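Whatever order the structure lists ligands and atoms in, that order sets their numbers, starting from 1. What you are looking at is a predicted structure, and each value in this text was computed from that prediction instead of being measured.
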Amino acid sequence: MSDRARKLKFKTETKKILDIVINSLYSHPDIFLRELISNSSDALDKLRFLMLTSPELASERELRIDIIPDKDARTLTVRDNGTGMSDDQMATELGTIAHSGSRGFIEAMEMSDDEKTPELIGQFGVGFYSAFMVADKVEVLSRKSGSDEPGQRWSSTGHDTFSLRQEDNIPEGTSVILHLKEEMAEYLDNYRLRELVRKYSDFISYPVYIETGEEEEEEKGKPVNTRKPIWTRSEDEVKDEEYNEFYNHLSFDIQKPLSRLVFHAEGTTEFYSLLFLPSTRTMEMLMPDYKTGIRLYVKKVMIMEEADELLPRYLRFIKGVVESGDLPLNISRETLQENRTVKIIRKALTAKVLSWFSDMLENDPEQYHKFFMNFGDLLKEGIYSDVQHRENLAELLMVWTSKSGDEQKSFRRFVEDLPEDVDRIFYITGSDRKELASSPYLESVGKADVEVLLFDSPVDEFMLQSLGEYKGKKLVSLLREVDIEDLTEEEKAEKKNAEETYAGLLEYIKDQLGDRVEAVRFSPRLKDSPCILVGDKNDPGEMFRQMMKTMNQEIPEAKKILELNPAHPVISMLQELYDKERSGDKLKSYVNILFDLGQIMAGGRPGDPVTFGKRITDLLSGT
Ligand code: ADP
């Protein structure tokens, strides 16, 4: 047996990639283990396939992957009994980048700025070479399975050259021995290795064993990974507890999930998915930059922990796993966006998720209530951000109404129950539902008979304006001025009549209030109150202003319109004063009180509380 080592140079391209990997992937050293395990798994796959076609290779031995840390030598070995590599293969496969994408990779590298390099590496996949992130020397012992040739030892420090030497006693398969850098000693730790295998390679279909000598008694001789992905198993085969445990492991949430969805899509694109709804929400989930909780697996290898392209942003509270064999293993966060298959998955998954919600609404209202209480605001976010599903999302809304009491109603039901000739849905928005239920704004449509929607979440105003209408019925805010078009013929006549009768008074009031109001008008929609302050048609509304304020954006206050009730005795009393003593202080004082009343009823406060107080006192004492 020759003990002469051959010294070979890396191909220039390989050398370049090596440098890039070593220098730019520093922030993600963990991935080396998943890359090596994935290579081993591929080699085992190949052998398994060969065993089917070449019976002489078939044996009883267990196809497996072993991870062997050696603290004294500071080496970590990843061993498999897969196909192994022949002499030639070791020189070529590990000396060049065999990858068909390598040329493209080099070109892209040369054109890109430094920041992009980690993504590019992910995109093209340079698996084996990631070993040099954690090791300053890598040795590979390999022998082709079923071959009579002796095996070889490949060795390199990741610089210009590598050496190859034939050796006896190399077992079939491949061992990658990493001489860890001093600062990478954590990868010798039993606990750390288990964590990494469970996190990234749990569902590799071959057993992965870790032998440290430190493992607990019950762990000895047992694979670390569970191998059979829970998401590919049929739902009636898996116990609730197993799903729940998986959810806990996945989400770091200690509670049970509220609901789960097991969905296997077949057709042009095949994928498995297992999704969960948390039973409570955290404040972070509402934040737009909250990381989505969907893990992406390709061919049983975990590719991304937070694959945010698989569902729209507003569904970011969903946790789970998606696996597809139709995606390339080296897909990256960057390429995810443009990938056609990802788009297909996203579309199918979104539709499925929305019907999961509507089934829940239909079949388990109690559970749906809980769900909506926690995540309703995010569905509303979907209404303004996802035009395509706007209608479906609107169907999922739960609403308070002026008649709903303490129970929310399904918006869809509410609309279905409206008489057919009703073409408008009225609503008011505010910060307190209880206050809204007795708001003076309700009377403008007749408190008793018309059911008005009450919205009390900061996102509602914006959501309603994006929605605009539902099933052909227009959504109308009672906090805004009446659209003349929306008045009945009778009301129009009433308005015109009042404008004539009280023309002088109207001018006087406008004069008095000056630029405190945008306009003063008669509004026949009022019933009990003498007046009301409303926004103009384009006013984004108070709730919207508040929401923007929390995002540090000030929307300037808009002047309000004062609507007067022509049928109210206060108006005829003012008219009398106007006729008799319009130059006195009384009329002026009353008009100001009226305006301040409007402010108070709108949930605000008088512009000058002291003067307001004095005017009321005068009024009470009859002076
Ligand atoms: P990729 O796996 O994307 O092809 P790598 O750089 O990870 O790229 O590996 C290069 C090649 O080396 C592989 O294609 C394979 O032929 C060979 N190889 C790597 N690891 C093993 C292994 N454990 N057993 C057999 N062959 C291997």
Side-chain angles (χ1 to χ4, degrees), residues 8 10-11 13-22 25 28 31-51 57 63-68 76-106 120-135 138-147 149 151-156 158 162 164 170-178 197 200-201 204-209 298-301 303 327-332 335:
L8 296 155
F10 281 116
K11 290 259 163 74
E13 294 177 352
T14 311
K15 177 74 186 86
K16 265 190 202 165
I17 289 181
L18 261 171
D19 288 345
I20 294 162
V21 169
I22 295 167
L25 264 179
H28 321 278
I31 64 162
F32 84 92
L33 192 60
R34 132 188 132 186
E35 297 291 327
L36 296 184
I37 291 176
S38 160
N39 279 350
S40 286
S41 169
D42 287 350
L44 290 162
D45 276 344
K46 281 181 207 157
L47 180 61
R48 191 154 63 180
F49 178 74
L50 286 173
M51 279 157 70
L57 283 176
L63 297 180
R64 59 188 273 166
I65 299 169
D66 286 276
I67 297 176
I68 309 145
L76 179 69
T77 302
V78 178
R79 184 165 74 201
D80 65 72
N81 53 2
T83 46
M85 282 173 273
S86 67
D87 286 14
D88 281 355
Q89 278 174 326
M90 275 184 108
T92 53
E93 309 280 86
L94 300 181
T96 29
I97 301 277
H99 227 269
S100 58
S102 64
R103 182 146 302 279
F105 174 67
I106 301 271
L120 282 170
I121 289 168
Q123 216 176 104
F124 289 91
V126 282
F128 170 71
Y129 301 96
S130 62
F132 287 101
M133 290 191 300
V134 296
V138 177
E139 294 182 286
V140 182
L141 308 182
S142 192
R143 186 155 76 87
K144 190 97 192 149
S145 59
S147 151
E149 285 179 29
Q152 287 198 108
R153 180 185 295 263
W154 181 100
S155 172
S156 176
F162 60 92
L164 273 173
I170 290 180
E172 290 183 14
T174 303
S175 304
V176 178
I177 305 165
L178 309 173
V197 172
Y200 294 115
S201 316
I204 289 282
S205 43
Y206 304 96
V208 177
Y209 298 92
V298 175
K299 302 185 183 87
K300 300 194 174 127
V301 180
I303 300 296
L327 288 168
L329 256 175
N330 52 24
I331 193 154
S332 73
T335 48

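Remark: Lys144 does not engage Glu172 in a salt bridge, criterion side-chain N to carboxylate O under 4.0 Å.
Close approach to Ala43 involves these atoms of ligand 1, each under 4.0 Å from a residue heavy atom: 24 (N), 25 (C). Taking a cut-off of under 4.0 Å to the non-hydrogen atoms of Leu94, the atoms of ligand 1 that pass are 12 (O).
Between Phe128 and ligand 1, at least one N/O pair is under 3.5 Å apart. Residue Tyr129 has no N or O atom closer than 3.5 Å to an N or O atom of ligand 1. In terms of polar-atom proximity, Thr83 is not counted as a contact of ligand 1, lacking any N or O under 3.5 Å from an N or O of the ligand.
Every residue two or more places apart in sequence or in another chain was checked for a side chain to side chain contact (heavy atoms under 4.5 Å, CB included) with Pro171, and none qualifies.
With a 4.0 Å heavy-atom cut-off, ligand 1 is reached by no atom of Asp42. Here Leu36 has no heavy atoms under 4.0 Å from ligand 1, in either its backbone or its side chain.
Counting heavy atoms of neighbouring residues, nucleotides and ligands inside a 6.0 Å radius, atom CZ of Arg79 does not exceed 12 of them.
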Inset, instruction - Please report the C-alpha distance between Tyr206 and Asp80 in whole Å, then the side-chain angles of each, then the deciding distance to 0.1 Å, and finally whether the side chain to side chain donor-acceptor pair (under 3.5 Å) criterion is met. - result: CA-CA 10 Å; Tyr206 304 96; Asp80 65 72; over 6 Å; no
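A perpendicular orientation is assigned to the rings of Trp154 and Phe128, their planes being inclined by more than 60° (bins at 30° and 60°).
Looking at heavy atoms from C-beta onward, Ile204 lies in side-chain contact with Ile37 at the 4.5 angstrom threshold.
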